[in-house]
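Every chain is numbered from 1 and lettered A, B, ... according to where its sequence line falls, protein lines coming before strand lines.
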Amino acid sequence: MKNAQMNGAEILLKALTDQGVEVVFGYPGGAVLPIYDALFQQKAIRHILVRQEGGAVHAAEGYARSTGKVGVVLVTSGPGATNAVTGLTDALMDSIPVICLTGQVPTHLIGNDAFQEADTTGITRPCTKHNYLVKDVNDLSRVVHEAFYVATTGRPGPVVIDLPKDVLQNKGIYKGAAASEEHRSYRPQVRAEADAIDQAVELIANAKRPIFYTGGGVINSGNVASKLLTEFVKLTGYPITNTLMGLGAYPGSDPQFIGMLGMHGTYEANLAMYNCDVMINVGARFDDRVTGKIAEFSPKSKKIHIDIDPSSINKNVLVDLPLVGDVATVLRQIMKRWKDGGHKTDKKALAAWWKQIALWRARDCLSYEQSKKIIKPQYALQRLQELTKHRDTYITTEVGQHQMWAAQFLKFESPRHWMTSGGLGTMGYGLPAAIGAQVAHPKALVIDVAGEASIMMNIQELSTARQYRLPVKVFILNNQYMGMVRQWQELLHGSRYSESYMESLPDFVKLAESFGGVGLRATKPEELDGVIEQMLATDNFVIADIMVDQTENVFPMIPSGAAHYDMLLGPADKAARPVSEEGMVLV
Amino acid sequence: MADPKKLPSVIEKHTIAVLVANEAGVLARVIGLFSGRGYNIESLTVAEVDAEKAQSRITIVTSGTTQIIEQIKAQLRRLVPVFKVSDLTIDGPAVEREMALIKVVSTGDKRVESLRIADIFRAGVVDSTNKSFVFEITGATEKINAFIKLMEPLGLKDVSRTGVVAIARGEKPL
């Protein structure tokens, strides 16, 4: 069959198959009908029909993040492509490898404002790592293979391939992926410079108050990176904090793990960041949710920054020692140098440092008061953690208070089990992402920790869950508010709750039932365990509607524009410290 | 590497040369990067420089603090169709030139004076009518600015400038 003429749609599917694609998340339409026709006549690729294109991208993200493979999306031209934009931006911000195939009007109609025409490459240029418009069927296979290379190497990200309908129908020749993957202009740097490694090892070994601050880059680098990180952190005995994106890269129950850092991070993690003398940033990007006030961010430390993206270096925070390269490769370089040089840590200084950290830890910053009458959201998550800890659980979230509580109260022991929209903060992410993760892991327990506001943003995807018998569990912490908006209005806007109350909510139990799933509800603390157990025992998708305290806030909290030491630890704290005017304009 | 914590916060002008694949949308990627991230473009020129390799060269004059300039270069290098980025302002001495076509409409003494000044600036006349000249002038941006200023009272009517093109001095290519 070599060099036999196939049409563009067949070439496309052949290229996807050769790239190891097993699943595509999509929604048909006029411009992509040739692809759907080709899909119909083959068995290698499974198509998951979503209910809105936005859901397809998040599902592909969930698939990609839970497997380490590329998530593939197939949507039609015009509205199909524009609906995918939020998901693409989400994947760009969180560095998730996604290939999005978009239909396009035939080449001779491009620019004519044809039916369902949109300038897809123009619209998606700023929200993809790269994009392509294929104008000749004989370029198609090369472009697809290149797109996979670009999406998965360097800092991963989404890539769009725009496919005019005539290109899909024309006959052409398929070419397999090139043996050598070298791109003519795109060359990500994988290994760090040797002398920078030497300097890093010196700094790390001589640290008195060190901290590892690690992020999503560890997870993106592959499971071996998490293993190496864990090994190195244990070897040094240094404390480690994770970003929201980095949870699971280091075992969450290990005593050296001092919790997530940042705006809703732990007291001990933020104070350790503020007071450290050597910071080892591994695959994190000094996001504003992590740094707080830049001018007062960890002022006394030497900063080492491992990142595969040179543009992350010195973007927000000026660092002393940048190491540009892949996390796993650089960690290997560092550990080899460490062992070859027989380096030892300063045991005495470290003991004093841990003593200090223990004092901060003793503040028990995540404590809350569980009442007898009403379910606290933190309590709901603690019970969920307790009743699922023995299982291989994949957690996704929507965006808001529930997301922060999930990050604080659930324990992630291994990478790729925690999927949340970190950079973009996309409400509606969790359900489709859970669907994607469940497609990849049909037997595993997949839970979307949700809020009642976020879940409404992609609720239509319950229909997808039903169609493919995907037993995802939607665990709604229902406080009948857009909780995080409400919290900011309480703390920053004089408790004027403008438009943040969720009026006219559906009955989530009936809603689940109407989609063909199971609906459960808990309103009192004593009902909680029963509902969770029933949820876990159900071999169907479930919405567990957990009615929680409406006014509970997420603490600790570093208010916008404040420094790491300036944390609100609980409700009593807020009156004492008004937010600065500079802080008010920050998001 | 200089101590990054002591990077100056003054705004500096830099001329950056970018070698790119000559493919659809590449200029939009570069310009979109500048507008999307809030960087300045003071001038931008682009043309194909190697037809065989399908490579174009973009010369951008931009301004910012040292940290911003470093960020601009890192962001440019991140674009998939970018081969090379060079900061001609700090990578060694470079020659910078701009070309302008300048239309001056006048008669009598003013017309004679414009021609006299053009001669001093080594500007050539590329079009002439009884009442007008089109001058062609090449040089550093400041020289062209000075010439235009002098032409203002002499009947300056229209200006078209290329923006800066630049190349490193000496033997080394980009």
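Shown here is A:Lys300, whose NZ atom has more than 12 heavy atoms of other residues, nucleotides or ligands within 6.0 Å. Counting non-hydrogen atoms of other residues, nucleotides and ligands closer than 6.0 Å to CZ of A:Arg184 gives a total above 12. The number of heavy-atom neighbours closer than 6.0 Å to CG of B:Leu44, taken from other residues, nucleotides and ligands shown, is above 12. Other residues, nucleotides and ligands contribute at most 12 non-hydrogen atoms within 6.0 Å of the CG atom of B:Asp109. Residue-environment remark: NZ (B:Lys143) exceeds the threshold of 12 foreign heavy atoms within 6.0 Å. Counting non-hydrogen atoms of neighbouring residues, nucleotides and ligands closer than 6.0 angstrom, the CZ atom of A:Arg187 exceeds 12 such neighbours.
Minimum interatomic distance between B:Gln67 and A:Lys315 (heavy atoms only, all atoms of both residues): NE2-O, 3.3 Å.
Between the side chain of B:Gln75 and the main chain of A:Ser311, no donor-acceptor pair closer than 3.5 Å is present. Side-chain atoms of B:Arg29 never come within 3.5 Å of backbone atoms of A:His130 as a donor-acceptor pair (strictly under, hydrogens ignored).
Heavy atoms closer than 4.5 Å to chain A are found in the side chain of B:Glu23, but not in its backbone. B:Lys84 does not touch chain A: none of its heavy atoms, backbone or side chain, sits under 4.5 Å away. With a 4.5 angstrom heavy-atom cutoff, A:Asp309 touches chain B only via side-chain atoms. Only the backbone of B:Val82 comes within less than 4.5 Å of a heavy atom in chain A; its side chain stays farther off.
The structure places CZ of A:Arg125 at 11.0 Å from CG of B:Leu79, a figure rounded to the nearest 0.5 Å. A:Tyr186 contributes atom OH, which lies 10.0 Å from atom CZ of B:Arg78 (distance to the nearest 0.5 angstrom).
The choice from B:Ala21, B:Gly32, B:Pro81 that makes the most heavy-atom pairs within less than 4.5 Å of chain A is B:Pro81.
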Practice problem: Please assess A:Ile313 against B:Glu70 for the test side-chain contact (heavy atoms from CB on, under 4.5 Å), listing each intermediate value before the final yes or no. | Solution: CA-CA 9 Å; A:Ile313 307 291; B:Glu70 289 303 316; over 6 Å; no
